[in-house]
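The structure appears right after this line, and notes come after that.
A note on names: the letters A, B, ... follow the listed sequences, proteins ahead of strands, and every chain is numbered from 1. Computed from a predicted model, the values in this text were never measured in an experiment. We use all heavy atoms of the structure for the numbers below, so side chains are in, but hydrogens, waters and symmetry mates are not.
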Number of protein chains: 2
Amino acid sequence: MDHIDPIDTRILRVLQSDARISNQALAGRVGLSPSATLRRVQALERSGAIQGYRAVLSPAARGTGFTAYVAVGLNDHTKAGQEGFERGVAGAPQVRECHNITGTVEYLLRVEAADLAAYKHFHTEVLGVLPQVRSLQTYVVMGSPKDDRA
Amino acid sequence: MDHIDPIDTRILRVLQSDARISNQALAGRVGLSPSATLRRVQALERSGAIQGYRAVLSPAARGTGFTAYVAVGLNDHTKAGQEGFERGVAGAPQVRECHNITGTVEYLLRVEAADLAAYKHFHTEVLGVLPQVRSLQTYVVMGSPKDDRA
DNA sequence: GGTGAAACGTAGGCCGT
DNA sequence: ACGGCCTACGTTTCACC
């Protein structure tokens with residue numbers, strides 16, 4: 001990853017909020033010619049500073065009417081146990097994020113489902129069935145006053 | 001928001017994983033002509049199904065070397081107390097997400113900082129200073145085996 | 001880093017279904 | 001209403017300075 005100067009920082013900030021801006025408009029915003037801007041963007045992509053470009057979809061477009069964070073405790077803390085659990089959630093489309101955290105439990109999941117009934121089904125039939133899982137604590141999201149993903 | 005048919009669903013899936021694909025290439029992928037595809041994308045933007053397009057930056061490009069979830073309990077559950085807290089975190093760039101959750105505490109934050117020292121400073125000098133805050137519990141993220149944002 | 005020009009993509013009018 | 005065709009216009013991209 002090459003060094004990131006102030007102009008790169010401005011490019012990243014603009015692309016973070018509008019990934020589909022034209023290269024010409026981006027060039028105008030950062031004060032460079034289009035070709036120099038394009039070369040910088042390509043370098044940032046190659047270096048991995050820009051990992052990709054994504055459309056942000058509304059919850060309705062994703063089919064999500066219910067979101068929860070779930071704290072998951074495991075039976076054993078072995079590598080095999082963790083890997084088994086991670087494989088289990090990797091295949092579940094409802095699990096949007098799986099974080100390995102410090103504290104009294106091992107994992108924090110973000111789960112999205114169509115509605116409460118769909119979540120209940122996922123909770124008991126998918127998560128509850130994984131042999132590594134010892135405890136599940138659900139925190140229903142009532143709102144997100146701040147969310148950088150949106 | 002108009003109704004979303006199978007072709008719209010395919011368009012959304014493609015744009016979700018590559019927001020900068022050209023309209024022509026997108027048309028090829030969904031099996032429509034470029035003009036019909038463009039009209040659908042514009043309709044999806046207007047209807048709010050597509051909320052925007054964002055570049056995904058690496059943690060290094062964001063200056064993040066330390067991530068934690070923080071469970072925050074408030075002193076009072078009044079509307080004014082919640083709004084005061086939400087205003088407090090809205091201005092903190094380290095707080096990337098703030099979710100209002102059910103359970104024993106009121107909020108779950110995702111916090112990103114340069115390193116542990118920067119986090120400690122944020123924890124005691126920013127969060128700890130908000131008058132509405134009663135309790136703070138930090139869960140350090142050691143890894144994210146699954147993260148749809150990446 | 002900037003310039004210029006060829007290649008490429010966009011976007012909207014128009015017509016058929 | 002919705003898709004395909006056409007085309008003027010704008011943008012990207014690259015060799016060269």
Walking along DNA chain D from 5' to 3', note the first and the last nucleotide with an atom under 4.0 Å from a heavy atom of chain B, and give both.
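That gives a stretch of D:dG3 to D:dC5.
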Do any side-chain atoms of residues 77-95 of chain B form donor-acceptor pairs under 3.5 angstrom with protein atoms, and if so which ones, sequence neighbours left out?
residue	atom	partner	partner atom	Å
B:His77	NE2	B:Glu106	OE2	2.9
B:Thr78	OG1	B:Asp76	OD2	2.3
B:Thr78	OG1	B:Gly81	N	3.0
B:Gln82	OE1	B:Tyr107	OH	3.1
B:Glu86	OE2	B:Tyr107	OH	2.6

Not counting sequence neighbours, which residues clear side chain to side chain contact (heavy atoms under 4.5 Å, CB included) with [X]? List them please.
X	result
B:Thr102	A:Val140, A:Met142
A:Pro59	A:Arg62, A:Thr64, B:Gln51
B:Ser33	B:Ser35, B:Ala36
B:Val14	B:Ile21, B:Leu26, B:Arg29

Salt bridge (Lys or Arg N to Asp or Glu O under 4.0 Å) contacts touching residues 5-16 of chain B (sequence neighbours left out):
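Listed by first then second residue: B:Asp5-B:Arg40, B:Asp8-B:Arg40.
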Leading and trailing nucleotides of DNA chain C with any atom under 4.0 Å from heavy atoms of chain A
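Taking any atom under 4.0 Å from a heavy atom of chain A, the span is C:dG1 to C:dT3.
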Proximity to DNA chain D (any heavy atom under 4.0 Å), residues of residues 19-29 of chain B only:
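Heavy-atom contacts with DNA chain D come from no residue of residues 19-29 of chain B; none.
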Ignoring hydrogens and angles, write down the donor-acceptor pairs under 3.5 Å from the side chains of residues 113-133 of chain A, residues two or more places apart or on other chains.
residue	atom	partner	partner atom	Å
A:Asp115	OD1	A:Ala117	N	3.2
A:Asp115	OD1	A:Ala118	N	2.8
A:Tyr119	OH	A:Thr138	OG1	2.6
A:Thr124	OG1	A:Lys120	O	3.0

Distance-only polar pair, side chains of A:Tyr53 and A:Glu45, donor-acceptor under 3.5 Å:
yes
Side-chain heavy atoms under 4.5 Å apart, restricted to Ile/Leu/Val/Met/Phe/Trp/Tyr: what other residues fall into the cluster of B:Leu38, or is it alone?
none
Start at the 5' end of DNA chain C and walk down; is the nucleotide closest to B:Gln42 or to A:Leu32 reached first?
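This one resolves to A:Leu32.
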Those residues that, when tested against A:Arg96, pass salt bridge (Lys or Arg N to Asp or Glu O under 4.0 Å) (two or more places apart):
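In terms of salt bridge (Lys or Arg N to Asp or Glu O under 4.0 Å), with neighbours along the sequence ignored, A:Arg96 is linked to A:Glu112, B:Asp148.
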